[in-house]
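In what follows, a single structure is set out as structure tokens and then discussed.
Naming convention: chains lettered A, B, ... in sequence-line order (proteins, then strands); numbering from 1 in each chain.
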Amino acid sequence: MPIVLHDTLSREMRPLSLKAGKSTFGMYCCGPTVYGPAHIGNFRTFTLQDVLRRTLEVDGLKVKHVRNITDVDDKTIRGAQAAGQTLTDFTKKWTEKFHADCKALGLLTPQVEPSAVAHIPQQIAMIQALVERGHAYVSKDGSVYFKVHSCKGYGKLSHIDFSKQETQATNSAGEANDADEYERESASDFALWKSRKPEDGNNFWPSPWGEGRPGWHIECSAMSLAHLGATFDLHGGGIDLCFPHHENEIAQTECATGINGFAAHWFHSAHLLVEGEKMSKSKGNLFTLDELVAKGFSPMEVRYALIAGHYRTSLNFTMKGLEDARSALGKIERGVEKLLQVAGFTKAEFSVPTVMETQTAWGRFAHAWEVLQHDLNIPGCLGQVFTMLADKSELTEAQARHDLSGLGKILYALGLVLFTEVAGPSAPANVVALAAQRWAAKQAKDFAAADRLRKELTELGWTMLDHKDGYDLKKSV
RNA sequence: GGCGCGGUAGCCAAGUGGUAAGGCCGGGCUCUGCAAAAGCCCCAUGCGUCGGUUCAAUUCCGACCCGCGCCUCCA
């Protein structure tokens with residue numbers, strides 16, 4: 001059974017499968033603008049794209065995942081100048097940070113990660129084609145604009161009728177939308193090439209229209225064309241990119257190539273709220289992965305919290321949600337451990353990617369997989385996983401192995417890696433000594449002393465967890 | 001104003017024309033010198049409001065109320 005997914009353009013559920021004669025599923029995702037650390041809202045989108053890719057892979061498709069790096073735009077140029085660095089050095093630093101965060105969150109590396117700066121010639125070629133075909137014009141200052149009214153079907157993705165004048169006088173930031181209309185023929189036209197401005201510093205490139213730099217939208221059109229062709233299977237991004245960015249991508253690519261049908265499927269993920277409010281710098285609720293890790297959460301817990309809601313519904317990200325994620329992951333781990341025991345495997349033998357590649361059975365997790373296949377229903381799938389883990393049926397060794405095969409594939413699709421808990425900070429010598437004393441007191445049944453020592457440990461910020469024949473020390477939360 | 005999304009238990013969150021998955025929290029029990037951890041059990045006659053269709057609606061239709069997103073370079 002193929003995966004079905006809601007498509008923003010047609011507004012229908014559509015199956016995802018290979019086109020006739022194709023061997024790979026081409027997927028383009030708008031990547032980060034590398035001018036600072038990505039925040040968890042960005043990572044919700046990237047993580048959901050990662051789950052989609054993994055789910056397609058479990059379904060048996062070979063996926064070519066392309067996710068660009070936006071390394072030239074207003075923010076990167078401003079950031080580099082503020083940091084006193086070259087644009088290259090500045091964006092390299094933040095690209096590396098992005099990669100480190102992706103790795104921590106368990107995101108698979110895209111097959112291609114094109115840089116906008118490395119595709120300037122492709123962008124210029126595309127703009128030239130648009131000018132030649134009458135879809136773009138050069139303004140007095142040497143900028144090039146896309147002529148929206150020349151593009152039949154413009155607005156089809158966001159379902160806006162541009163034949164009527166519906167553009168507001170101001171945008172969401174309160175800026176006049178027609179600020180530089182004297183350069184443009186129409187307020188809805190957008191920049192393909194921006195002529196060199198003094199504030200751009202050294203960041204300009206030569207072009208047939210003079211020195212300047214590419215507009216933002218053309219970057220993605222040029223890179224998707226270069227790496228996936230004029231048409232490909234799926235395009236993804238945050239819902240905010242639907243208009244204008246994705247609408248413009250469609251217009252640019254279809255008008256430049258003359259081929260209709262840019263992306264066959266549009267996958268948009270809803271936004272993240274933090275503690276019930278929209279994320280914004282002024283509210284100070286723009287969390288980065290590092291900040292959450294500093295609060296004591298593991299990247300895997302963050303991942304779980306990010307995927308725990310349906311992708312088309314905005315998710316309220318809270319500290320409570322991260323704690324819930326921690327408990328839920330623990331529950332899955334214990335369930336897997338129980339299955340491993342019945343199946344006669346050790347934890348070390350449970351390699352999820354290996355299971356993914358070699359096992360075909362689904363056991364009792366067949367239904368959970370079906371739920372996931374239907375519009376990437378991750379919360380529904382998790383619910384089904386927990387239901388099955390709570391099922392008390394006596395299992396044979398073979399049945400437990402089938403369960404592990406099915407559950408292993410689902411965990412691969414969700415990108416949940418278990419048993420990764422790293423040892424917490426090791427206790428200082430005085431704490432270790434106190435713990436040893438308490439254990440001795442307990443063994444001697446001197447419970448008054450044992451209780452007193454436990455209290456001392458608590459005051460030092462450590463918790464002692466007793467077992468049958470030993471104990472663990474954990475830093476109190 | 002245009003386009004779109006959503007309102008389900010204390011919190012988070014699936015789902016269905018036939019009577020509400022799951023996670024967290026909470027409560028009870030078991031275990032335990034204590035404390036934890038873990039296991040077991042319990043926890044929405046109710047799905048924003050009001051109408052309509054139907055043998056039957058939380059699920060379909062209509063109206064309304066509330067919250068949210070985008071509307072030219074925010075994932």
Establish, with yes or no, whether the OP1 or OP2 oxygen of B:G4 is under 4.0 angstrom from a side-chain nitrogen or oxygen of A:Arg312.
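Negative; the distance criterion is not met.
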Report yes if a side-chain nitrogen or oxygen of A:Asn42 is closer than 4.0 Å to either non-bridging phosphate oxygen (OP1 or OP2) of B:C74; otherwise report no.
no
So does [X] reach the base of [N] with its side chain, donor to acceptor, closer than 3.5 Å?
X	N	result
A:Arg44	B:A75	no
A:Asn377	B:G15	no
A:Arg438	B:G33	yes
A:Arg454	B:C34	yes

Heavy atoms under 4.0 Å, any strand shown: does [X] hit a base, just sugar-phosphate, or nothing?
X	result
A:His39	base
A:Asp466	base
A:Lys392	sugar-phosphate
A:Asp73	nothing
A:Leu48	nothing

Could you provide the dot-bracket string of RNA chain B, using ( ) for intrastrand pairs, [ ] for crossing pairs and | for bases paired to another strand, with Watson-Crick or G-U pairs below 3.5 Å?
(((((((..(((.....[...))).(((((.......))))).....(((((..]....))))))))))))....
A:Tyr35/A:Phe90 aromatic ring centres below 6.0 Å
no
Establish, yes or no, whether a centroid distance under 6.0 Å links the rings of A:Phe98 and A:Phe43.
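Between A:Phe98 and A:Phe43, the centre distance is under 6.0 Å.
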Are there any protein N/O atoms within less than 3.5 Å of an N/O atom in nucleotides 66-68 of chain B, and if so, which ones and at what distance?
none

A:His271 ring over B:A75 six-membered base ring, under 5.5 Å and 30°
yes
Would you call the rings of A:Tyr154 and A:Phe243 parallel, tilted or perpendicular, taking 30° and 60° as the class edges?
perpendicular
Short N/O separations, protein against nucleotides 23-25 of chain B, under 3.5 angstrom:
unit_1, atom_1, unit_2, atom_2, d
B:G23, OP1, A:Lys331, NZ, 3.1
B:G23, N2, A:Asp324, OD2, 3.3
B:C24, OP2, A:Lys331, NZ, 3.3
B:C24, O2', A:Lys320, NZ, 3.3
B:C24, O2', A:Asp324, OD1, 2.4
B:C24, O2, A:Lys320, NZ, 3.3

Quick check on RNA chain B: between A:Arg11 and A:Asp74, whose nearest nucleotide comes earlier from the 5' end?
A:Arg11
